[in-house]
K.L.:
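Structure below; questions to follow.
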Amino acid sequence: MASDNGANATSEAQPRPAKPGAGKRVDHAAGARQFLAATEHAESHDERVWAMRQRRDAAVETIPEWEELRDLASQIKTHALTHLDEYLEQFEANAKANGIHVHWAADAADHNRIVHEIFQENGVQRVIKSKSMLMEECGFRQYMDAAGFDMIETDLGERIQQLDDEDPSHVVVPAVHKMRSDVSQVFSKTLDSDPGNDDAHYLTEHQRQATRPLILDADAGMTGANFAIAETGGFVVCTNEGNADLSANVPNLHVASIGIEKVVPRVEDMGVFIRMLSRSALGSPITQYTSHFRGPKPGGETHIVLVDNGRSERLGSEKFWSALKCIRCGACMNTCPVFRRSGGLSYGATYTGPLGLILDPSIDARRYSNLPFASTLNGSCTNVCPVKINIHEQIFEWRKVLAEDKQVPWTKRSSLAAAGRVLASPKSYRAALKTAHSALHYLPDWAIYNRLNAWGQVRDLPDVPAEGTFHDWYRKHRLNTAEAGDNE
Amino acid sequence: MHIGLFVPCFIDAFYPKVGIATLELLERLGCRVDYPFDQTCCGQPMVNAGCHAEAAATEQLFVDNFAAYDAIVAPSGSCVHQVRDNLTAIEQTPAVKHVRENTFELVEYLHDVLEVEAFPWACFPHRVGYHDSCNTLRHLGHGKPSELYGPSFSKPRTMLSKVEGVELVTPDRPDECCGFGGTFSATEPEVSGQMGRDKIADHGRAGADYIVSADTSCLMHQAGCAKRIGAGIQFRHIAEILNGANA
């Protein structure tokens with residue numbers, strides 16, 4: 001889907017949270033700190049992403065049966081996922097009958113190798129590619145770069161990210177964290193645009209003129225898919241720029257990478273999902289282009305790579321399987337107050353925002369162990385989700401799993417264990433309150449987990465109440481001293 | 001109906017007035033209220049961080065303190081959410097189930113159980129921005145969150161509208177999280193602080209003199225942010241206003 005062009009210009013440098021190396025934990029808080037320090041970027045990001053949430057609300061208001069649609073979408077996905085083997089086989093058989101070549105990839109490496117082989121067999125050198133989170137997940141861009149292929153992104157936002165050698169920061173609007181002046185800088189460095197010109201129309205037109213010839217000369221095109229339809233063997237790609245249609249139709253060879261969870265039973269299911277996808281994402285009734293692909297064009301060739309990459313394993317997980325229902329609308333990101341203020345790159349992962357918090361730890365529990373804590377558990381993500389994934393409950397559940405798995409730092413666990421001991425004993429609790437000079441000197445120490453500095457860094461602490469604790473007040477005003485058989 | 005008053009640990013330590021207002025209000029409304037003396041906490045600090053085993057003994061103490069009451073009422077939505085939905089580190093005995101099913105947040109108790117129609121003793125002639133805490137709004141069902149389609153309702157606003165003089169004002173983002181989030185306030189202080197400052201500014205633009213909420217923890221966080229930046233807006237727990245506080 002399209003990038004939003006409404007960003008302002010600024011002379012402030014774009015914040016670039018560092019991606020930790022292999023084996024390191026992603027530190028979301030540090031990335032967020034860096035993002036917020038660039039105040040113009042941070043404000044602009046919050047406002048632009050919130051605007052998408054507001055447009056979504058306005059669109060939802062026009063559909064009285066919205067909550068029923070959410071139920072229906074959720075049920076269709078549950079049905080498809082609980083009969084996934086049958087629908088995948090049906091999809092494969094029908095796709096083959098339509099003249100499509102079908103491949104199965106167990107993991108990311110398999111996917112990359114299969115596509116590489118298809119290209120080698122067809123003498124492909126230059127590839128155009130429509131935005132696909134699955135290909136990001138597989139590290140496909142980096143793989144093809146290393147293998148010496150020219151890869152051109154056809155989605156504008158994704159093209160900006162490609163030219164800037166950055167990951168997408170949002171599942172729908174990949175360059176939403178950039179301001180107009182940032183794009184101007186990238187284009188002036190990579191496409192020779194006028195460095196002094198950050199007019200959005202100028203920049204878009206310049207990019208178009210620079211990239212179109214590369215697109216028209218490509219040997220192969222790649223797309224993802226939003227939905228794969230079992231009963232027809234066709235698949236559906238939704239974009240606002242028509243860029244997937246370029247990728248699929250300009251060259252004779254079309255390769256589509258499709259996660260196995262994208263399969264739905266029937267064409268008529270599209271009547272539910274297409275109504276919800278773009279309304280949830282951007283607040284528009286439908287994407288500008290909703291393209292159905294059934295088979296190769298005359299004289300052309302179409303391949304589908306069905307990718308597992310951990311999905312079957314997740315399907316077997318009692319608590320987390322329903323994350324596979326996700327249709328990648330990004331509504332949870334748009335509504336998430338933490339995402340809006342920290343920017344997608346601070347997540348250091350392919351999937352950012354609330355969805356990322358529940359998908360990423362299943363990909364690498366250690367690397368992404370901090371992410372489920374980058375949430376206030378406010379539950380807004382769950383309410384906007386068009387397929388009713390209980391996102392905030394899964395975030396809460398991940399914390400438990402990570403703590404049990406000792407992926408939560410020892411200092412935190414041990415201070416919470418200490419807090420648990422004090423709070424489990426009225427005697428210790430009252431003694432802790434009493435022996436300290438004032439509430440401020442003892443309470444935050446356990447109440448906010450030995451992180452007094454973190455609390456005091458951005459806020460003042462409450463005053464010590466003149467009447468003492470509630471407990472003291474109650475004893476003084478409501479009980480005779482003789483009755484107060486408590487643990488003093 | 002015999003009520004056990006639950007005064008959460010940080011309210012006990014920092015906001016005794018909220019506990020006092022809750023007790024007095026329930027008594028004004030004819031309730032028989034006890035304050036079990038050995039209470040400490042509901043276990044939420046540990047559970048929120050994923051450390052459920054570390055919360056088990058605290059959860060057991062909570063149940064031991066309150067199992068004898070018909071209803072348990074607390075002026076804190078997030079603690080009630082913990083008890084009702086997440087008090088699971090201990091064996092789910094009949095006593096545990098009884099406590100979990102009969103713990104109420106104050107506003108829902110007033111609205112749903114007591115069905116209070118008037119607060120004749122209360123008068124609060126000020127512009128009030130009501131802060132829907134995420135726990136009360138989305139997890140306890142205080143009202144319709146802005147994300148869902150359906151008829152609007154709000155139990156706390158209904159209660160406040162019965163107080164003479166209250167003028168409710170609405171910010172642009174009426175139910176955006178304020179950034180407290182339990183452990184989140186300490187693990188992500190910058191984002192938390194930014195959210196707190198944004199919340200205060202939004203209420204300020206709407207013309208609020210007071211930010212009122214049913215969740216003391218959100219107020220503690222927002223008041224701390226306001227004090228740090230010198231914002232003049234004031235904070236009150238809804239119990240204080242319904243009980244007749246006038247400024």
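Sequence lines set the chain letters: A, B, ... in the order given, protein chains first and strands last, and positions in each chain run from 1. If you're wondering where the values come from, they're calculated on a predicted model, not measured in any experiment.
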K.L.:
Distance from A/Asn378 atom CG to B/Phe180 atom CZ, nearest 0.5 Å?
P.N.:
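Here the interatomic distance stands at 13.5 Å.
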
K.L.:
In a check of salt bridge (Lys or Arg N to Asp or Glu O under 4.0 Å) between A/Arg341 and each of B/Glu176, B/Glu188, B/Glu190, which one passes?
P.N.:
B/Glu176

K.L.:
Using side-chain contact (heavy atoms from CB on, under 4.5 Å) as the criterion, point out the one residue from A/Val458, A/Thr39, A/Leu36 that pairs with B/Gln194.
P.N.:
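Of A/Val458, A/Thr39, A/Leu36, side-chain contact (heavy atoms from CB on, under 4.5 Å) with B/Gln194 is met by A/Leu36 alone.
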
K.L.:
Roughly how far apart are A/Trp473 CH2 and B/Leu23 CG, rounded to 0.5 Å?
P.N.:
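It is 5.5 Å, given to the nearest 0.5 Å.
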
K.L.:
Does the side chain of A/Leu377 reach to within under 4.5 Å of the side chain of B/Cys134, using non-hydrogen atoms?
P.N.:
no

K.L.:
Looking only at heavy atoms, which two atoms of B/Thr58 and A/Ala424 are closest? And how far apart?
P.N.:
OG1-N, 3.5 Å

K.L.:
Can B/Lys227 and A/Asp463 be counted as an ion pair, charged N to O under 4.0 angstrom?
P.N.:
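Salt bridge: yes.
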
K.L.:
Would you indicate whether the side-chain heavy atoms of B/Pro16 and A/Thr469 approach each other to under 4.5 Å?
P.N.:
no

K.L.:
Ignoring hydrogens, what is the shortest heavy-atom contact between B/Gly19 and A/Phe470? Give both atom names and the distance.
P.N.:
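The answer is C-CE1, 3.3 Å.
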
K.L.:
I need the minimum non-hydrogen distance between A/Gly379 and B/His139, along with the two atoms involved.
P.N.:
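What the structure gives for the nearest pair is CA-CE1, 4.0 Å.
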
K.L.:
Using 0.5 Å steps for rounding, measure from the NZ atom of B/Lys17 to the CD atom of A/Glu467.
P.N.:
4.0 Å

K.L.:
Please flag which part of A/Ala374 lies under 4.5 Å from any non-hydrogen atom of chain B: side chain, backbone, both or neither.
P.N.:
both

K.L.:
How many angstroms lie between atom SG of A/Cys332 and atom CD of B/Glu147, to the nearest 0.5 angstrom?
P.N.:
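Reported to 0.5 Å precision, the distance equals 12.0 Å.
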
K.L.:
With only heavy atoms counted, which part of A/Trp398 is less than 4.5 Å from chain B, the side chain, the backbone, both or neither?
P.N.:
neither

K.L.:
Quick one: closest heavy-atom pair of B/Met46 and A/Gly420, and the distance?
P.N.:
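Looking at all heavy atoms of both residues, the closest pair is CE-CA, 3.7 Å.
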
K.L.:
Pick whichever of B/Ser192, B/Ala56, B/Cys225, B/Gly196 has the most heavy-atom pairs under 4.5 Å with chain A.
P.N.:
B/Cys225

K.L.:
Closer than 4.0 angstrom, basic N to acidic O: yes or no for B/Arg173 and A/Asp46?
P.N.:
yes

K.L.:
Mind listing the closest non-hydrogen atom pair of B/Gly193 and A/Arg459 along with its distance?
P.N.:
N-NH2, 4.5 Å

K.L.:
Can you tell me if A/Tyr474 and B/Asp12 form a side-chain donor-acceptor pair at under 3.5 Å?
P.N.:
no

K.L.:
Do B/Arg228 side-chain atoms and A/Gln457 backbone N/O form a donor-acceptor pair below 3.5 Å?
P.N.:
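Present.
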
K.L.:
Identify the heavy atoms of B/Cys177 and A/Pro337 that sit nearest to each other, and give their distance.
P.N.:
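Residues B/Cys177 and A/Pro337, closest heavy atoms: CB-CG, 4.0 Å.
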
